[in-house]
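Chain A is the first sequence line, chain B the second, and so forth, proteins listed ahead of strands; every chain is numbered from 1. Small disclaimer: the values here were computed from a predicted structure and weren't measured.
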Amino acid sequence: MSAPDYSTALRSHRCGDLRPEHIGQPVSLTGWVGRRREHGEHLAFIDLRDYSGTIQCVVAEQVDARSEYVIRVEGMVRARPDGTVNTNLPTGDVEVGDCHVEVLRTAEPPPFPIDARADGVDEGTRLEYRYLDLRRARMQRNLRLRSAVNSAVRTSMEAQGFVEVETPMLMPSTPEGAREFLVPSRKGQGAFYALPQSPQLFKQLLMVAGVDRYYQIARCLRDEDLRADRQYEFIQLDMEMSFVEVDDVLAAISESVLAATGAVTGERPGEIGRLTWHDAMNRFGSDKPDLRFAMELIELTDLFADTGFKAFAGAEAVKGLRVEGGAGEFGRNRLDKLTDRAKSLGAKGLVWIKIGSGGELESPVAKFLSDTEQAALVERTGAGEGDLLLIVADAWPTACEVSGQLRNDLCRPPVHQGPYQFVWIVDFPLFVGVDDTSGRPLPGHHAFCMPNPDDVDRLESDPMSVRALAYDLVLNGWELGSGSIRIHDDALQRRVFRQLGISDEDADRKFGFFLNPFRYGAPPHGGFAFGLDRLVAILAGEENIREVIAFPKTQSGSDPMTGAPFAVDPHQLAALGLRIVPE
RNA sequence: GGUCCCGUGGUGAAGUCUGGAGUUCACGCCGGCCUGUCAAGCCGGAGGUCGCGGGUUCAAAUCCCGUCGGGACCGCCA
């Protein structure tokens, strides 16, 4: 593929493209005025900037070209004189001389500098002037990286025979899942559409329709609180495929994600490994483990099965972390903070043990541990002089999750640090936890997720032990997305509903619109969806998905640039049959 | 719904704990000088309701209460 021709009626080249090979060519350039260095009436340097980069223009004529003026420059590319080459600039070997400058549009001084210094500016101000923020190299890079990821994902899905189908934005409200954005219907007053949390319903019906392989770069909307990795609106690569088992779906998504990563990094990662949910919890204390660093949880439960130490006695699980060389680093103050952190995460407490110079254990609780237990602990953890051990004893999920969070707190690298460690988490439990009021199991993924055939005979006798054909894709500790094989069999669906406390009548009422079509012949099918905003953020080395979204919302859901959301005109409300109830 | 952090000329920070005149630094802006700079340099200047409201005090950027805005996290996100 040849490079695009970027020339237009107003310009011959992009600023960032000029190189020694252009020396001697007359050029016309367009862009914004960056820094100027004026040396009196007869010499000025203007750094002309467009999205491709910056080029130094040498101006001898008198021109009033101030910061962020939009100008057009005609001149001659020439080598910079000896000693004036700028090695910090890709275009730094050359400059544009004999410049004639035409001001296309003057500009007021921007509220913040249009360069890397704006990284430190209050994010609210950056969002208020987002069109200026996006003018910066970092944001331009993020936008273009995002475009490249979208393109690579599309190319990969098409190559695998997937068909892009657009699904409606105006949907019926559905009873399960995230809070929806509602849209009032003008023609049916009092009736509402919902904006899609995901195209889940429609993509499964496309399988019933015989589309076989569907994909969509889909906009999803959820009216839940915003976070660094969550916006009201976000983009998923959504897909569904027929006549498949788990491996087929994982292979298709792996191909897409690896191709996209390869396309923007230049290096395609190797095959994506797998961890069972149980192993991920046991070894890393998380269902989205960050595999860029080791420090696995150490299983200590069996060592303390008969202990006399009350904090460990009878605990369902005892999990340890070995912080190499941490004994000196962690004084009483930091250890207290770690303990507080563990408690805020739901643990009853945190036991810490330092290994002293003679190999002896230094800890407030050392005296409660027998010599055998102490020896076994040192042997199991491999702890040596100067190491710090952190131990959590609790119910199995709590012990795992708290240890896993401490593992992240202590060692997790910043997002821009490689490598890219993708991992599939498979064999999620079909049910997680129990509803406080009904006492019924809660679905781990959703109510239409296929139980593992090897476990399905325990659906009634031991439901919590049933694994699901559900899987997550994790990258560097971020949950990129999730999917499952769906139930296409009516009898099995009703068995799962019964476990969830949903009667046949409830099921017909709440999900009939969705399940009735299956009666006309639903193929075995499964699918996946992953968050493109998150993938792009990680590939861009950004901690926050707002940095890879052109016009994001603040944490409170507002847009400082447009001022949205606004109260609307009473006439608009009246047309919809709506009235605002005062507080 | 909850916990925590932040709000000081256009921008970033210091000042806040321990109350005493809108004080300081850097960038930017405006004007002048300057023919090889690239964070150009030198000289001069303008620019603030210390987010907002209330309270305490002789006196509040500073202490207290409330509120608004921004951020991180918990809940929530099938």
Side-chain angles (χ1 to χ4, degrees), chain A residues 34-49 54-60 64 66-68 78 80-89 91-92 95 97 107-129 132-133 174-180 197-198 200-201 220-232 234 340-341 344-346 401 405 408-409 428 430-433 435 441-449 468 470 479 482-484 496 500 502 510-511 529 531 543-544 546 553-558 560 563:
Chain A
R35 291 185 166 275
R36 293 148 292 142
R37 296 170 292 282
E38 291 175 10
H39 293 254
E41 288 184 25
H42 305 292
L43 177 65
F45 300 96
I46 294 178
D47 289 339
L48 183 64
R49 185 196 69 238
T54 299
I55 179 75
Q56 173 166 281
C57 300
V58 185
V59 182
D64 190 21
R66 306 186 180 217
S67 283
E68 300 309 314
R78 66 191 189 196
R80 291 198 183 198
D82 285 345
T84 65
V85 165
N86 185 343
T87 52
N88 297 321
L89 220 54
T91 61
E95 63 188 14
E108 292 177 22
F112 49 78
I114 310 301
D115 57 37
R117 288 171 294 176
D119 290 345
V121 171
D122 173 72
E123 202 189 338
T125 307
R126 288 176 54 206
L127 290 180
E128 183 180 351
Y129 299 92
L132 298 181
D133 192 30
T174 51
E176 300 283 300
R179 185 185 298 117
E180 298 165 319
Q197 310 163 33
S198 81
Q200 186 69 31
L201 157 68
C220 306
L221 298 106
R222 295 178 187 174
D223 188 4
E224 300 288 354
D225 287 355
L226 294 77
R227 289 288 158 73
D229 61 351
R230 283 163 31 187
Q231 283 273 305
Y232 281 155
F234 59 100
D340 289 344
R341 172 73 170 155
S344 75
L345 292 165
E401 283 166 17
Q405 191 57 58
N408 277 339
D409 290 352
F428 274 79
L430 188 63
F431 304 113
V432 293
D435 187 280
L442 294 164
H445 186 56
H446 58 61
F448 315 109
C449 178
E479 182 194 321
S482 58
S484 64
V496 171
L500 294 168
I502 300 171
K510 293 169 83 174
F511 303 113
E543 304 274 356
N544 195 308
R546 291 190 297 271
K553 304 280 190 291
T554 68
Q555 199 165 61
S556 61
S558 67

RNA chain B: 5'-proximal contact among A/Gly40 and A/Gly444 (nearest heavy atom): A/Gly40
Residue whose closest nucleotide on RNA chain B lies nearer the 5' end, A/Phe45 versus A/Ala447: A/Phe45
Donor-acceptor contact present, side-chain A/Ser67 to main-chain A/Pro109, <3.5 Å: no
Any donor-acceptor pair under 3.5 Å from A/Glu68 side chain to A/Ala107 backbone: no
Between [options], which one does the side chain of [X] approach most closely?
X        : options             : value
A/Arg227 : B/U35, B/G28, B/C73 : B/C73
A/Pro109 : B/C29, B/A39, B/G36 : B/C29
A/Ser556 : B/G75, B/C38, B/G70 : B/G70
A/Ser67  : B/G12, B/C29, B/C77 : B/C29
A/His42  : B/G31, B/U35, B/C77 : B/U35

Non-hydrogen atoms of A/Asp225 and A/Arg230 that approach each other most closely: O-NH2, 2.8 Å
Base of B/U35 paired with side chain of A/Glu41 (donor-acceptor, under 3.5 Å): no
Rounded distance (Å) that lies between atom C1' of B/C74 and atom CD of A/Glu224: 14 Å
